[in-house]
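Only a predicted model underlies this, so the values are computations on that prediction, with no experimental measurement involved.
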Protein chains: 2
Amino acid sequence: MCIDLCCEEKCIHEDIVHKVEHDLPNDETLYDLAELFKVFGDSTRIKILYALFEAEMCVCDIAELLNLTQSAISHQLRVLKSAKLVKARRAGKTVFYSLSDEHVRLIINQGMEHILE
Amino acid sequence: MCIDLCCEEKCIHEDIVHKVEHDLPNDETLYDLAELFKVFGDSTRIKILYALFEAEMCVCDIAELLNLTQSAISHQLRVLKSAKLVKARRAGKTVFYSLSDEHVRLIINQGMEHILE
DNA sequence: TAAATATATGAACAATTATTCATATGAAAG
DNA sequence: CTTTCATATGAATAATTGTTCATATATTTA
């Protein structure tokens, strides 16, 4: 038993339609999810995260290590921080950044597995 | 024992620098990884993937189900396909799309866990 | 308080991208 | 062969985004 969604021929089963409508998270959640992945979708930010895999670091060290300007790194750390992927700790003039949790590593590793296939 | 990368004060240990330099994937890999996440970084594509979690579907069904134009869906399926996240199967006039592997589900679930925290 | 240093931020610019519209391709049916 | 239908695609547009430059903020030290 199928329903006609759009085509001449019947393609999709009605219970599939209901299942999708039931399981599809609401628009706001989907938007947030896309926003999260957008944060991973820049190689500068990926590099920063890889650096932080090893240890917490201050802004200027990351900049030096990755050969990028302090400003660029600072802007990107702001993006990473507002996505709660990194957290900051101030020590005098210096601000140390570190991964906020292990999700970051898991997500990146899953992605890496996919591209290395 | 620290080295002075950029600041007056010594921040980062020399062995950390070596570790990062050793573990950091090459630029091309990092770029590919960012490109992969960029694909997940759009809510239309996320919706398409969620729909395909349930069953394979043809273009016009996805369009109808998600209330988007056939053209928009087709363009996005092309992006998903070139990232090897979905695969296509032709049956007459109709083209059915489905997830190409389980990585997709894993990556999305990891992301979802992060934002629901 | 003034100078020095680490970081943050606003504006501007170039580059990328998602959607729409119009149209092309490809397959089936008459 | 022509029509019809499903899908793909190219061009155009609007919107988003990463970097740079200049400058602001915050902290320490002289």
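In this entry the distance linking CG of B/Leu80 with P of D/dA8 reads 12 Å, nearest Å. A/Lys81 has its NZ atom 10 Å from the C1' atom of C/dA8, to the nearest Å. To the nearest angstrom, P of D/dA6 lies 11 Å from CZ of B/Phe96. Put simply, CZ on B/Arg90 is 7 Å from C1' on D/dT7, counting in whole angstrom units. Following rounding to the nearest Å, B/Lys38 (NZ) and D/dT16 (P) show an atom-to-atom distance of 17 Å. Nucleotide C/dA6 holds its P atom 6 Å from the NZ atom of A/Lys93, rounded to whole Å. Whole-Å rounding puts the A/Glu64 CD to C/dA6 P distance at 11 Å. Across the protein-nucleic acid pair, B/Arg89 atom CZ and C/dA27 atom P stand 15 Å apart, rounded to whole Å.
With values rounded to the nearest 0.5 angstrom, B/Ile108 atom CD1 is found 8.0 Å from B/Leu99 atom CG. For the atom pair CG (B/Leu36) and CG (B/Leu85), the distance works out to 6.0 Å, reported to the nearest 0.5 Å. Taken to the nearest 0.5 Å, the CD1 atom of A/Ile107 stands 11.5 Å off from the CG atom of B/Leu106. From A/Arg90, atom CZ reaches atom SG of A/Cys58 across 11.5 Å, with rounding to the nearest 0.5 Å. The line from CD of A/Glu54 to CG of B/Leu24 is 9.0 Å long, rounded to the nearest 0.5 Å.
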List the steps and the verdict of side chain to side chain contact (heavy atoms under 4.5 Å, CB included) for B/Val20 and A/Tyr50. CA-CA 8 Å; B/Val20 172; A/Tyr50 261 101; over 6 Å; no
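With contacts defined as side-chain heavy-atom distances shorter than 4.5 Å, the pair A/Phe37/B/Ile46 qualifies. Residues A/Phe53 and B/Asp23 have side chains not in contact (no heavy-atom distance under 4.5 Å, counting atoms from C-beta outward).
Looking at B/Gln70, its side chain has no donor and acceptor atom pair within 3.5 Å of the base of D/dA6.
Taking every heavy atom of residues 40-51 of chain A and every atom of DNA chain D, pairs under 4.0 Å involve A/Asp42, A/Thr44, A/Arg45, by number. At a non-hydrogen distance threshold of 4.0 Å, B/Ser71, B/Ser74, B/His75, B/Arg78 from residues 71-79 of chain B come into contact with DNA chain D.
Screening residues 98-117 of chain A for ring pair (Phe, Tyr, Trp, His ring centres under 6.0 Å) gives A/His103-B/His114, A/His114-B/His103 as the qualifying pairs, with residues at least two apart or on separate chains. Listed by first and then second residue, the side chain to side chain donor-acceptor pair (under 3.5 Å) pairs that reach into residues 24-44 of chain A are A/Asn26-A/Thr29, A/Asp27-B/Lys47, A/Glu35-A/Lys38, sequence neighbours excluded. For the side chain to side chain donor-acceptor pair (under 3.5 Å) condition, the pairs that include at least one residue of residues 66-84 of chain B, sequence neighbours left out, are B/Arg45-B/Gln76.
Computed from C1' positions of five pairs at each end, the angle between the two local axes of the helix from C/dT1-D/dA30 to C/dG30-D/dC1 equals 10°, rounded to 10 degrees.
Contact between the side-chain N/O atoms of B/Tyr97 and the OP1/OP2 oxygens of D/dA6 is not found at any separation under 4.0 Å.
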